[in-house]
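Everything on this sheet refers to the single structure shown next.
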Amino acid sequence: MSESSVLAALVSGLRGGSIEVVDLTSPLSSTTPVIQLPPQFGQTAVFELEEISRYDDRGPAWYWNNFRSGEHTGTHFDAPNHWVTGKDLADVASVPARKLLAPAAVLDFTAEAAENPDFLVEIDHIKAWEAVNGPLPEGGWLLLRTGWDARSHSQETFLNADENGPHTPGLSPACARWVAEESPVLGLGVETVGTDAGAAHSFDPAFPCHSYLMGSDKYGLTQLQNLAALPPTGSVVIAGPLPIVTGSGAPARVLALVERS
């Protein structure tokens with residue numbers, strides 16, 4: 001099949017419904033949850049709109065806004081230079097465009113996270129998934145489904161923090177290192193506020209997903225939604241971060257293509 005006919009088949013599938021487009025993006029607004037660091041550190045901005053004009057004397061025929069946002073606000077893409085281990089690696093504008101489309105494996109730990117919000121995925125969990133579904137996709141995404149997107153309406157329930165810090169699921173340090181250094185995937189996608197578990201500040205190393213993934217020239221996607229609509233294998237993720245020059249990441253529109261019978 002020629003290249004043109006492959007693309008024509010894709011368009012036909014999209015139009016006919018045999019290929020579904022699933023939006024994995026959390027809408028951006030002033031109520032979008034943002035990460036909270038200890039007070040001695042700099043804090044990311046919440047999303048804000050500043051109206052320029054709205055069909056009025058400031059601009060009679062048009063409506064538009066300025067906006068203010070952190071790079072890591074809402075559904076966003078982590079570039080390697082986001083972490084000190086990747087400080088000499090790519091910024092978000094330098095990520096090759098071909099890597100923004102990739103196959104995905106979806107691992108479902110919703111039941112485990114509901115029982116224990118501090119649940120950690122171990123290497124054995126991934127190996128068990130592979131025994132049933134086949135190997136993780138070469139150059140693809142490992143997407144961690146935990147049901148946490150159901151909490152995204154509220155900053156408090158999404159961060160799930162107490163006096164000891166946040167309580168959200170993620171990868172163990174050993175698993176984070178394995179995903180970064182041994183697995184074939186190009187990155188990790190999660191439904192939580194960041195790629196690391198809530199308790200990762202106390203891990204060794206601290207924030208191992210960031211440390212190992214960024215240091216291995218891999219990527220992160222966070223605050224994903226609707227992973228429940230994806231099959232364990234076979235979907236293709238399209239991640240579109242803003243190409244901010246020198247940026248450590250950017251808000252992103254993230255979509256998945258899923259074949260439906």
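Heavy-atom basis, side chains included; hydrogens, waters and symmetry copies ignored.
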Task: Heavy-atom check, side chain of P173 versus side chain of D204, under 4.5 Å - done: no
Open item on the list: Quick check for you: to the nearest 0.5 Å, what is the distance between E130 atom CD and I123 atom CD1?
Closed with: 11.0 Å
Task: Geometric class of the W141/Y219 ring pair [parallel <30°, tilted 30-60°, perpendicular >60°] - done: tilted
Open item on the list: Given 3.5 Å as the limit, does a donor-acceptor pair link the side chain of W148 with the main chain of F158, or not?
Closed with: yes
Open item on the list: Using the rule that Ile, Leu, Val, Met, Phe, Trp and Tyr join whenever any side-chain heavy atoms are under 4.5 Å apart, tell me whether L89 and V92 fall into a single cluster.
Closed with: no
Task: For H167, the option from N116, D118, N160 that meets side-chain hydrogen bond (donor to acceptor under 3.5 Å, both in side chains) - done: D118
Open item on the list: With a 3.5 Å distance limit and no angle check, can you tell me whether E191 reaches the backbone of G147 through a side-chain donor-acceptor pair?
Closed with: yes
Open item on the list: Main chain of T75, side chain of S26: is a donor-acceptor contact present, judged purely on distance under 3.5 Å?
Closed with: no
- [ ] Verify, without hydrogens or angle tests, whether S29 (side chain) and T31 (backbone) share a donor-acceptor contact under 3.5 angstrom.
- [x] yes
Task: Listed partners of D57 passing side chain to side chain donor-acceptor pair (under 3.5 Å), at least two apart - done: none
- [ ] Using the ring of Y63 (Phe, Tyr or Trp, six-membered ring only), decide whether R54 places NZ or CZ under 6.0 Å from its centre and within 45 degrees of its axis.
- [x] yes
Open item on the list: Does the plane of the ring in W83 sit parallel, tilted or perpendicular to the ring in F207? Use 30° and 60° as the thresholds.
Closed with: perpendicular
- [ ] Can you measure from CG (N226) to OG1 (T25) and round to the nearest 0.5 angstrom?
- [x] 8.5 Å
TODO: Taking D91 for its side chain and V245 for its backbone only, find out whether a donor-acceptor pair lies under 3.5 Å.
DONE: no
Task: R68 CZ: over 12 foreign heavy atoms closer than 6.0 Å - done: no
Task: Residue from T192, D78, I35, V254 passing side chain to side chain contact (heavy atoms under 4.5 Å, CB included) with T222 - done: D78
Task: Partners passing ring-ring contact (aromatic ring centres under 6.0 Å, His included) against F203 (at least two apart in sequence or in another chain) - done: none
